[in-house]
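Written out below as structure tokens is the structure these notes cover.
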Amino acid sequence: MSTENEGTAVPPAPSAPPVPVDAPAASTPQASEAGAPTTPIPPVPPHASGGAQGPELVHAGPAPAYSSAEGGAHQGAGGTPQHPGPGPEGAWPPPQAPGTPLYADGGAGGAGGAGGAWGSGYQQPAPKPKNGRGGLVAAVLVAALVAGGLGGGLGYTLAKDNDNGSSTTLSASDSGGSVKRDAGTVAGVAQKALPSTVTIEAESTNGEGGTGTGFVFDTQGHIVTNNHVVADAVDGGKLSATFPNGKKYDAEVVGHAQGYDVAVIKLKNAPSDLKPLTLGNSDQVAVGDSTIAIGAPFGLSNTVTTGIISAKDRPVASSDGSGSNASYMSALQTDASINPGNSGGPLLDAQGNVIGINSAIQSTSGGGLGGTSQSGSIGLGFAIPINQAKYVAQQLIQTGKPVYAKIGASVSLEDSTGGAKITTEGAGGADPVEAGGPAAKAGLKPGDVITKLDDHVIDSGPTLIGEIWTHKPGDKVKITYERGGQTRTVDLTLGARTGDS
């Protein structure tokens, strides 16, 4: 299904950034294990998984913060997505496909792109009547007077009834005693998690940028967030993180993975009392489990919303609308309210463990987030499973570059094949099946249609890419495919590709 990272339509159900099964990382052609380029990741599919036209998906990314746009709104790429003509099959970065979800921040890292700016569709409330303030004050005064009169009358009555010759003093009694918020309540979880959640501001060298969210990953000052939240600050831009207590720190990008839409930043002069959020196990999450999302929707920092896990393994492809920043995931779907600015924030379970990173939302067609007719949450939010994000974050901290699993074959992104079809011609004249690669060793050939990866049904190329990227290089998987009308299965050991280009 295609989704917007808080605002754009989502293409066919991919679960992770489109790696032409061996294709390059999200933004560049895939390279072979030896470093030679193989097949680039295919363009984001135009329809939702299953071949049905999916709703628009956009990155739940940063809310506009900087911009030269009128009114100071962020000129995001989440506006009307550009849909260039289809490029070569398997080309990377893929051309923007119709219906491709956009980042919630309305663009790559909230940077300016085609379309309206985040918040540009927001209308200020109509001015209140001149006597509005007076009316409000009068209402407050009346309420106070009524309460005072009631209290005074009651006090007089009690004093009179108890008057036996000695004076009586009445004092207000405590109302309810001390308030205790148990750890298992939403208030308890929020109270513990908020101090470890930050609002991120990213600004490019030309002054454009946006606001997103992140959370403390370790005591060294590493913060995990979405790639599209910090993309503006990658090449010489400015980056800062602000905690709920108001303390603000400059930060720098340690590493970012466009395909996974995960990034790690590090605080400069990080405090010594950082408390990393506890990471849960996203594989054990069940549909119906309670969820709590924390973020800065439309710049409203430290906002807490609740919901449930609506679905698991939801194939999602999202983009910033520019056609060059697509990401794929096999997402956790939640109905917790997620809006632009929530991107990069933690999705927590009822115990306060991080189970995902909020990344994209589904929007109604005709106006993705970031466009002139911005829309907000409609109860369809998508988060990157924390098990996958944790692996990516650790790789970024260690090497500064993402590592993608691959099968070494280029697949079509069309959603009408009933599976992921290995193309007969690779991108840029490359072989569709990498010589000596995992697919070749397993006996796969051009024209084969992959229908399952382990127990997961594969209905399109993007879905296959998403599923592959939930694994690590070296993992063994079972591939079910069709050739000449016959169904076959084969075991395959996933290869590795380092970097987005």
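Computed from a predicted structure; not experimentally measured. What you see below is based on every heavy atom in this structure, not just the backbone, and it leaves out hydrogens, waters and symmetry mates. If you read the sequence from its start, that first residue is 1, and numbering goes on from there.
The CD atom of E203 sits 9.0 Å away from atom CG of D232, with the distance rounded to the nearest 0.5 Å. Distance check: D349 CG to I292 CD1 gives 8.0 Å after rounding to the nearest 0.5 Å. The CD1 atom of I386 lies 10.0 Å from the CG atom of L348; values are rounded to the nearest 0.5 Å. Rounded to the nearest 0.5 Å, atoms NZ (K406) and CD1 (I465) are 13.5 Å apart. Separating the OG1 atom in T211 from the CD atom in E201 is a distance of 5.0 Å, to the nearest 0.5 Å. One finds the OG1 atom of T306 at 11.5 Å from the CD1 atom of I294 (value rounded to the nearest 0.5 Å).
Nearest heavy atom pair, residue G212 against residue A296, reads O-CB, 4.4 Å. Among all heavy-atom pairs drawn from N226 and D261, the shortest one is ND2-O, 3.0 Å. Taking every heavy atom of both residues into account, F215 and G344 meet most closely at CD2-O, 4.0 Å. For the residue pair L492 and A442, the shortest heavy atom distance occurs at CD1-CB, 4.0 Å. When all heavy atoms of V230 and A202 are compared, the closest pair comes out as CA-CB, 4.2 Å. In plain terms, the two heavy atoms of P276 and T219 that are nearest each other are CG-N, 3.8 Å.
The side chain to side chain donor-acceptor pair (under 3.5 Å) test applied to D218 returns H222, not counting sequence neighbours. Qualifying side chain to side chain donor-acceptor pair (under 3.5 Å) partners for S337, counting only residues two or more places apart in sequence or in other chains: N339. For H471, the side-chain contact (heavy atoms from CB on, under 4.5 Å) partners two or more places apart in sequence, or in a different chain, are L453, D454, D475, V477, L494. Legend: residues meeting side chain to side chain donor-acceptor pair (under 3.5 Å) with R483, ordered by chain and number and at least two apart, are D448. Checked against side-chain contact (heavy atoms from CB on, under 4.5 Å), K312 has the following partners two or more places apart in sequence or in another chain: V287, I309, L332. Under the rule for a side chain to side chain donor-acceptor pair (under 3.5 Å), the partners of S282 that lie at least two apart in sequence or sit in another chain are N387.
Proximity of V403 to P473: side-chain heavy atoms (C-beta onward) are separated by under 4.5 Å at one or more points. I384 places none of its side-chain heavy atoms less than 4.5 Å from the side chain of Y260. With a 4.5 Å cut-off on side-chain heavy atoms, D235 and T205 do not count as touching. With contacts defined as side-chain heavy-atom distances shorter than 4.5 Å, the pair K275/S196 qualifies. Residues P432 and T424 are not in side-chain contact: their nearest non-hydrogen atoms beyond the backbone lie 4.5 Å or more apart. For the pair I479/T489, no side-chain contact is recorded, criterion being any heavy-atom separation below 4.5 Å from C-beta on.
Counting only distance, with no hydrogens or angles, the side chain of T305 and the backbone of A336 share no donor-acceptor pair below 3.5 Å. Distance alone, capped at 3.5 Å, places no donor-acceptor pair between the S359 side chain and the F382 backbone. Without hydrogens or angle criteria, T278 side chain to N353 main chain gives no donor-acceptor distance under 3.5 Å. Of the possible donor and acceptor atoms, one in the side chain of T334 sits under 3.5 Å from a partner among the backbone N and O of I308. A donor-acceptor pair is defined here as one N or O able to donate and one able to accept, closer than 3.5 Å; such a pair exists between the side chain of T423 and the backbone of S410.
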Practice task
Apply side chain to side chain contact (heavy atoms under 4.5 Å, CB included) to the pair V254 and K266, showing each step before the final yes or no.
Solution key: CA-CA 6 Å; V254 172; K266 188 174 184 180; 3.6 Å; yes

Exercise for the section: Applying side chain to side chain contact (heavy atoms under 4.5 Å, CB included), run through K445 and I422 and close with a yes or a no. Expected result: CA-CA 7 Å; K445 299 179 179 180; I422 298 178; over 6 Å; no

Exercise for the section: Apply side chain to side chain contact (heavy atoms under 4.5 Å, CB included) to the pair I407 and I468, showing each step before the final yes or no. Expected result: CA-CA 8 Å; I407 65 170; I468 290 173; 3.5 Å; yes

Practice task
Check the pair V216, I223 against side chain to side chain contact (heavy atoms under 4.5 Å, CB included), reporting the backbone distance first and the verdict last.
Solution key: CA-CA 5 Å; V216 178; I223 304 292; 3.8 Å; yes

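Between F217 and the choices L279, V264, L277, the side-chain contact (heavy atoms from CB on, under 4.5 Å) rule is met once, by L279.
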